[in-house]
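Single-structure report; data block below.
Note that ligands are numbered from 1 as they come in the structure, with each ligand's atoms numbered from 1 the same way.
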Amino acid sequence: MSPTNLITQPSGPLRGHVRMPGDKSISHRALLLGAIAEGTSRVENFLPAADCLATLRTVQALGVEVEELAPTTLIIHGQGLRGLREPDDVLDCGRSGTTMRLLAGMLAGQPFLSVLTGNAQLRRRPMGRVVEPLRRMGATVLGREGGRRPPLALQGGNLRGIDYTLPVASAQVKSALLLASLYADGPTTLHVPGPARDHTERMLIAMGGRLQMANGKLRIDPGERLQALDVTVPGDFSSAAFLIVVATLVPGSEITIEGLGVNPTRIGLLDALRAMGADVTLHDERTVSGEPVADLTTRASELRGVEVSGALVVRAIDEFPILTVAATQAQGETIVRGAAELRVKETDRIATTVQELRRLGAEIAPRPDGFLVHGPTPLRGAAVHSHGDHRLAMALAVAGLIASGETLVQDVGCIADSFPGFEATLAHLGGQKL
Ligand code: S3P
């Protein structure tokens, strides 16, 4: 169990080689698609973090046997597209939005009743974005506030294909609809307004799914079967982001992260940091289980402010808490526009990031759709709070490593939602023992 609070001191240089835990998004998808494939799938480097374990438990509750050979090695006994069974209780998605939204899509195709709930944080998050198109496909979905908030109750089956333009560039909505469309009576066409992560598409194609992609348009034909697939999950770029920023900011650092997922739809932070002057290079680029993978080296460097907007925002959507920490140390102004989605993540990340970084002395202001940060500003140690948001907790810990004096980050148990071993990894790189 992670401690509830973390205390940080100014960090020495980080040096060495490290690997990241498995990618969270890909771990969820390996479980869900493995569950409805024909035959046995083996998953290596699965992320055994709270969010993915919530997906694991729900899949088991749907009658899928999953052998846990090790915390990171799973064997999934797929039941085929039509072999899931009605769960005999409510499915608890914990605080995982990915679990709830992707499952909603998959369950919309099942001819039985499922009820999805989660913790208080998840029950506040918007679900209308998946419920509305699933209803158009013919699923019966009930939920609080007319289906806009969890819990959700789904009675699925008999879906029809639709032509649908997503209101937001969301990979969760896209993936939910791709899963549902496997069960439709005809093709589904999705128009996605931006480069949202494409892990579901890659995995579906590798499993024999009939999918065509061109210029933001996706067409999927319903299938008779998906073939089981062995997957080695790449290291999670969104976890590496914290180490990349701390190594950039602490003078004398040089770290290499091996076996890292570098799918172009995920690495917007690299483009932003490079535009700011960061020294980040990729080596040995290769493809592992259909996903781009590389080793990444970061050396400390001076940064300058930039504007982050447009398609880059979607490709960096989970990295804004840590990007703003980097921006506090950059020369000049950093402005983030077009990122209003941050208001409906695990927390309202515009409000919580601004509130907490200001406690450390950052010059940061909220905008309706982003941030304005002036730098460089020396940060001073203080007591800060994660608001139960894993990415904010880790961004604040990194801020503490570059702040003077001592920083107390409260309520850091949530770090285990995505990056178990975060503190140990920093200690291994020689920053300090947290
Ligand atoms: C995810 C998609 C993104 C991201 C989340 C994981 C996924 O959410 O923020 O952490 O695995 O599909 P949205 O699709 O809501 O943008």
Between R135, R129, R136, which is the residue that forms a salt bridge (charged side-chain N to carboxylate O under 4.0 Å, His left out) with E132?
->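 The single option meeting the salt bridge (charged side-chain N to carboxylate O under 4.0 Å, His left out) with E132 is R136.
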V398 side chain near L426 side chain, heavy-atom distance below 4.5 Å = no
Give yes or no for whether the N/O distance cutoff of 3.5 Å, strictly under, is met between [X] and ligand 1.
| X | value |
| --- | --- |
| K24 | no |
| A171 | yes |
| E341 | no |
| R391 | no |

Are the charged groups of [X] and [Y] less than 4.0 angstrom apart, N to O?
| X | Y | answer |
| --- | --- | --- |
| R343 | E341 | no |
| D417 | R95 | yes |
| R358 | E363 | no |

Do any heavy atoms of H28 fall under 4.0 Å from ligand 1?
-> no
Protein contact of [atom] - nearest heavy atom, named by residue and atom, plus distance:
| atom | answer |
| --- | --- |
| atom 12 (O) of ligand 1 | R29 NH2, 2.6 Å |
| atom 8 (O) of ligand 1 | K345 NZ, 3.1 Å |
| atom 10 (O) of ligand 1 | D318 OD2, 2.8 Å |
| atom 1 (C) of ligand 1 | Q172 NE2, 3.5 Å |
| atom 11 (O) of ligand 1 | S25 OG, 2.7 Å |

Less than 3.5 Å apart, any donor N or O on the side chain of [X] or [Y] sitting next to an acceptor on the other?
| X | Y | value |
| --- | --- | --- |
| H385 | Q410 | no |
| H199 | R266 | yes |
| S175 | R29 | yes |

For ligand 1, indicate whether the residue K174 contacts it via side chain, backbone, both or neither (heavy-atom separation under 4.0 Å).
-> neither
Counting each atom of ligand 1 from 1 as listed, which ones have a heavy atom of I317 under 4.0 Å away?
-> 9 (O)
